[in-house]
Amino acid sequence: MVQSAEGTRECDRIHALLHRQEGDLANARYWYARADARMPDQTIIQEWEDLVRRAFPQTGTQPS
């Protein structure tokens, strides 16, 4: 699913997060670099929540 939008910063960042979650840190670093981002120091859950907030800023709510 994410691969179909490969090349956009947002999807490359999600791709990186998924590799990070599965423990493939070398591949995660590659995808963070493609997204022009660094691997965050925060937890995977915190990173996901930040990505959702940036994608949907108008909602003002956190995912349940």
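Please read these numbers as outputs of a predicted model, since none were measured by experiment.
Partners of Asp41 under the salt bridge (charged side-chain N to carboxylate O under 4.0 Å, His left out) rule, at least two apart in sequence or in another chain, do not exist in this structure. Listed by chain and number, the residues in a side chain to side chain contact (heavy atoms under 4.5 Å, CB included) with Asp50 are Gln42, Arg53, Arg54 (sequence neighbours excluded). Partners of Gln21 by side-chain hydrogen bond (donor to acceptor under 3.5 Å, both in side chains), not counting sequence neighbours: none found.
Closest of all the heavy-atom pairs between Leu17 and Tyr32 is CA-OH, 3.9 Å. The nearest pair of heavy atoms linking His19 to Trp31 is CD2-CD1, 3.6 Å.
Arg13 has its side chain within reach of Glu47: a pair of non-hydrogen atoms, C-beta onward, lies under 4.5 Å apart. Residues Pro40 and Arg20 form a side-chain contact, since some pair of their non-hydrogen atoms from C-beta on lies under 4.5 Å apart.
Atoms CG and CG, from Asp36 and Asp12 in turn, are 10.5 Å apart once rounded to the nearest 0.5 Å.
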